[in-house]
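Take a look at the structure below.
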Amino acid sequence: MATGDQLLVVIDPLARHTDGEAVRIAKDVLSAGAASTKVCLPEGPEEFARVLARRGSRRPVVVGDDRALLRAVAVLHRQRELTACALAMVPVGPSLGLARSLGVPTGAVAAARAALDGVERRLDLLVDDSDGVVLGTLRIPAPAGATALDADADADAETEGEGDTSGTGAGSGFGFGARAGVGAGGGSSGHQSWLRNWPHSLVRTLSARPPRIARIARPARIRVASPAAVGPSRLRVEVDGVTLVDLDQPVQGVSIAPGTDGGADVEVRPVSVGAEAAPLRAVGQRVTVSGADFRYRADSLAVAGPVRTRTWTVREGAWGLTLPG
């Protein structure tokens, strides 16, 4: 398949800044293995979408992290060209959890070879009522508690304590005093050793931070959460029109993910009262969540919302990803 392929290699700018060497390796492997390769370096979302729209008959290979893959799927979905286009990916960047979960090799060489010689696998897609897409798991987390101790106070206290100790130790352990003591106790050889190490000890002494006067520890600050973020979530979750949990039952969180058989796997974790409550699970093609304003995180990336209702529908085999055979 590789020798007859015409590829459009779209390199995300974050990948270039994160690991330029991996990008270069991927580009070399793809260029050597395909019949024709066109490399594009879009600088923004608009140019990224324009490059994909003008790909012609070339098969797109995204070099970037999870955000770049999600952006490519979203663009092709909006252009209504997702079903006719098989994507490939070379993961480069800080966020690669989604790529790993989908089965994409994380090494530049292995991923580039999979893009050339792999096979297309059709995957399900979650599409919401605002035309957003979800490739992996969507989570609606429980809101934070009403109050939380600010960790800055504890961190400052620990840093100050460690800093005072390390500063004193640096002065005594690696300064003149320690070396002079060794020299005095070790005769002329020790004296010569002190002379040899004198430039290094001088640098350590000059660079060592002098002991600081311990300041009075400040009390921990208390952050008060907004009223909307207090307490557990109260949500209604409906799967194919059947209510899985209603507003009268508070929940810790909800997760929705496309399954392997054209359905969405839904899990609701109720708040435990006394004994631990068992998760509620269901499978369906249409999931609606409603209630007070809530936010959700899709594919472990950006948080969306707040919204009061959102419906996700499974599109079976809606997009194709080239994976190792």
Side-chain angles (χ1 to χ4, degrees), residues 1-12 14-16 19 22-42 48-49 51-93 95-127 133-137 257-262 299 301 314-325:
M1 182 175 84
T3 57
D5 252 355
Q6 293 185 337
L7 301 181
L8 173 69
V9 181
V10 184
I11 302 176
D12 186 71
L14 182 59
R16 304 201 302 268
D19 193 345
V23 170
R24 183 193 64 79
I25 292 172
K27 186 171 60 174
D28 290 348
V29 173
L30 293 170
S31 299
S36 174
T37 303
K38 180 180 180 180
V39 178
C40 296
L41 308 173
F48 189 94
V51 164
L52 286 178
R54 298 174 179 174
R55 71 186 183 280
S57 60
R58 295 181 180 272
R59 186 164 59 89
V61 180
V62 177
V63 181
D65 66 355
D66 294 345
R67 291 177 178 85
L69 176 63
L70 184 61
R71 188 182 305 120
V73 173
V75 167
L76 292 171
H77 169 72
R78 287 195 300 268
Q79 296 172 352
R80 301 299 182 255
E81 298 181 1
L82 189 57
T83 56
C85 178
L87 283 166
M89 180 188 186
V90 178
V92 179
S95 302
L96 302 178
L98 176 62
R100 282 193 291 265
S101 69
L102 293 173
V104 180
T106 53
V109 174
R113 287 177 177 167
L116 292 168
D117 303 322
V119 295
E120 179 186 358
R121 179 184 172 192
R122 303 303 300 183
L123 301 171
D124 295 351
L125 186 70
L126 283 177
V127 180
V133 298
V134 181
L135 309 184
T137 302
T260 57
D261 55 356
D299 295 318
L301 299 173
V314 179
R315 303 281 179 86
E316 186 175 2
W319 69 292
L321 183 64
T322 304
L323 297 172

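In what follows, every heavy atom counts, from backbone to side chain, and hydrogens, waters and symmetry copies are set aside.
- For the residue pair Ala110 and Pro105, the shortest heavy atom distance occurs at CB-CB, 3.8 Å.
- Using a 4.0 Å cut-off between a side-chain N of Lys or Arg and a carboxylate O of Asp or Glu, Glu120 and Arg59 do not qualify as a salt bridge.
- Between Asp65 atom CG and Asp19 atom CG the span is 12.0 Å, to the nearest 0.5 Å.
- Taking 4.5 Å as the limit, every side-chain heavy atom of Glu316 sits out of range of all side-chain heavy atoms of Pro258.
- Put simply, CG on Leu98 and CE on Met89 are 7.0 Å apart, with the number rounded to the nearest 0.5 Å.
- Leu126 is listed as a side-chain neighbour of Val314, based on a closest heavy-atom distance under 4.5 Å.
- Crowding of Arg80 atom CZ: a count of heavy atoms from other residues, nucleotides or ligands under 6.0 Å exceeding 12.
- Using a 4.5 Å heavy-atom threshold, the side chains of Glu81 and Arg55 count as touching.
- By the 4.5 Å heavy-atom criterion applied to side chains, Val73 and Leu125 are counted as neighbours.
- The two residues Pro324 and Gly103 make their nearest non-hydrogen contact at CD-O, 3.8 Å.
- For CZ of Arg113, the number of neighbouring non-hydrogen atoms (other residues, nucleotides, ligands) closer than 6.0 Å is 12 at most.
- Minimum heavy-atom separation, Ala15 to Val23: O-CG2, 3.6 Å.
- Rounding to the nearest 0.5 Å gives a distance of 10.0 Å between CZ of Arg71 and CG of Leu301.
- Between atom CG of residue Leu135 and atom CG of residue Asp66 there is a gap of 9.0 Å, rounded to the nearest 0.5 Å.
- Under the 4.5 Å side-chain criterion, counting only non-hydrogen atoms from C-beta, Val63 is not in contact with Lys27.
- Closest non-hydrogen pair, Leu76 versus Cys85, comes out as CD1-SG, 3.9 Å.
- Here the closest non-hydrogen pair linking Val92 and Leu96 is N-CD2, 4.0 Å.
- Put simply, CG on Leu102 and CZ on Arg121 are 8.0 Å apart, with the number rounded to the nearest 0.5 Å.
- Leu116 places none of its side-chain heavy atoms less than 4.5 Å from the side chain of Thr322.
- Using modelled atom types, one finds no donor on one side chain facing an acceptor on the other under 3.5 Å when comparing Thr106 with Arg100.
- In this structure, SG in Cys40 is found 4.5 Å from CG in Leu8, a value given to the nearest 0.5 Å.
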One pair to check against salt bridge (charged side-chain N to carboxylate O under 4.0 Å, His left out): Arg67 and Asp299. What are the steps and the verdict? CA-CA 9 Å; Arg67 291 177 178 85; Asp299 295 318; over 6 Å; no
Going through the distances and angles, do Val133 and Leu70 end up as a side-chain contact (heavy atoms from CB on, under 4.5 Å)? CA-CA 8 Å; Val133 298; Leu70 184 61; 3.9 Å; yes
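- Ala68 and Val62 make their closest contact through CB-CG1, 3.7 Å (heavy atoms, listed as atom of the first residue, atom of the second, distance).
- For the residue pair Thr83 / Arg315, no side-chain donor-acceptor distance below 3.5 Å is found, with atom types taken as modelled.
- Under a 3.5 Å cut-off, the side chain of Asp124 and the backbone N or O of Gly262 do form a donor-acceptor pair.
- Here Arg16 does not pair with Asp12 in a salt bridge; the nearest charged N to carboxylate O distance is not below 4.0 Å.
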